[in-house]
Structure formats: structure tokens, C-alpha cells
Amino acid sequence: MMKIARYLGRDGEILEGVVDGDEVHEISGLDTMLRGGRRVGRKQKITEVKLMPWGIGRKIIAVGKNYADHVKEMGGSAPPESPVLFMKPNSALIGYGDAIILPPQSTSVHHEAELAVVIGKRLRRASEKECAEAIAGVICLNDVTARDLQKSDNQWTRAKGFDTFCPVGPWVVTGLDPTDRAVICRVNGEVRQNGRTRDFIFPLPKLLAFVCAAMTLEPGDLFTTGTPAGVGPLQAGDSVEVEVEGVGVLRNDVRAQ
Ligand code: ZN
């Protein structure tokens, strides 16, 4: 298992590095991720680098309603018969420590703590087994959602697509089994969501096979697996954390526009 961070280099380029304790050691690129990464560059203190999100320039695919307790809190009576897919725009991505900006169009912006995976291999009409083997690593994602607009728009693109509505981080963990992980959200230190991925309605390999039967998944694409019960509003001044057991904590502050 390795933690691999993306962070900003001195000249504004995005670097990749292995996280080791409180240090990050630069490695030579995404395709080395599954093979251990060749350490090529400098070591820096993790607190001294600007962590960047994974998924920049790639697809971000998501599933709604994948935990029964969340389906219930959203007013649904039965779990969906097939996965409810949507996408988030790349322009929504932010990293660890960046601010979630509340847009003036919404009065109800919610947190959604989720386990997300980074795809490591091209997948097209692949089997569930091939999909499971193509997961490069696990990361924390906050599927920030304007709940009022999600309902009134009758379509989720705008509600889930505002700038800053896709915090991802703090780093990818390779070789981590995602099938029974705690997924926790804290707002100002108080636990708001606390679920486990073993309670998915659709298991991850099944979801990925469902997705790549429609669209090719490419290395570096993100897939996020849905949120457990306990979603709720964020206010300006809040600090929101998404923790995935075995990965780490993604922290972002919330600001008014
Ligand atoms: Zn979600």
C-alpha cells in the first residue's frame, strides 16, 4: 500500500509523490503508480506543499442513491433497480484545504462524504473482475450538492456542478480493499455521516462494469460511490472533513461567494 499525493511544484507544474510519514517524495508519473513509483526527485514536508486534487482533465463519474439509509432520508421508498449515474464537471475540482464557495443561487448546499476510486487501466465493456483489478487506488471525495436546485432543476448537473463542488484528496492510497471502509463526514468536528461501504446497494465492481458498458473508462478517471445517510447543510465559516478509513482526511473550509 502506498499513499500517492499530487501537489504543486515550484514552477506551477503538478508533481506526484509518495507520502511517507510527514514527507512527500517526488516520483516519476502516473503509470508508475501501480508498480511502486520510481523516486526521482526531492523530498519535502507534506505541510509545505500545496496538495492538488486527483482527476484534473479526466472524467468524474458518480452514482446517486447507493446506500439504503440515504435513499430513505431523501424520501425514497425502495432502492433503485439499476445504478443512477451522473457526472461532475472537471471545473468543480478543488484540493485539500481549498475553500468550498457557496453560490448565491442556492440556500441549501449539502456535504456528501464519499469513497472514490482512481481508475488505473482502460476499461470498455469489461467484466466485474476486470473492473475490480483496474482500480488504481482509493481517495476521499465530497460530492457537494445544492439540494434545493437538485430538486427544482429536476436534473442534477447544475446542483452538483458549481465551481468548488468537488473536493478530492488528500492523496490516493493504492492496494487498499475498498469493500468495507468507514466513510465519515464531520462539520466543525461534529460527526454528521458515518457509514460503511459494505452497505452499498450496488457493489463497486458491478458499478464500474455498468459504467464502462456505456462509456470507456480511462486511467486517471475518478468514480465516486455515493454517500451514506446524514447529509446536511453547510454554512459559511464551517470546516468540513471527509474521512475514508485507511486513506486519510480531506478538509475544506466553506465560504460565501
Ligand atoms: Zn453523492
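One-based numbering, in listed order, for ligands and for the atoms of each. Predicted model only: the values in this text are computed from it and were never measured.
- Among all heavy-atom pairs drawn from P170 and G248, the shortest one is CD-C, 4.4 Å.
- Of all N, O or S atoms in D143, the one lying closest to the Zn ion (ligand 1) is OD2.
- Here E218 does not pair with R58 in a salt bridge; the nearest charged N to carboxylate O distance is not below 4.0 Å.
- Under the 4.5 Å side-chain contact rule for hydrophobic residues, Y67 and V242 share a cluster.
- Within E112, OE1 is the N, O or S atom that lies nearest to the Zn ion (ligand 1).
- Ion pairing of K121 with E133 is absent here, as no side-chain N (NZ or NE/NH1/NH2) approaches a carboxylate O to less than 4.0 Å.
- Restricting E114 to its N/O/S atoms, the shortest distance to the Zn ion (ligand 1) is reached by OE2.
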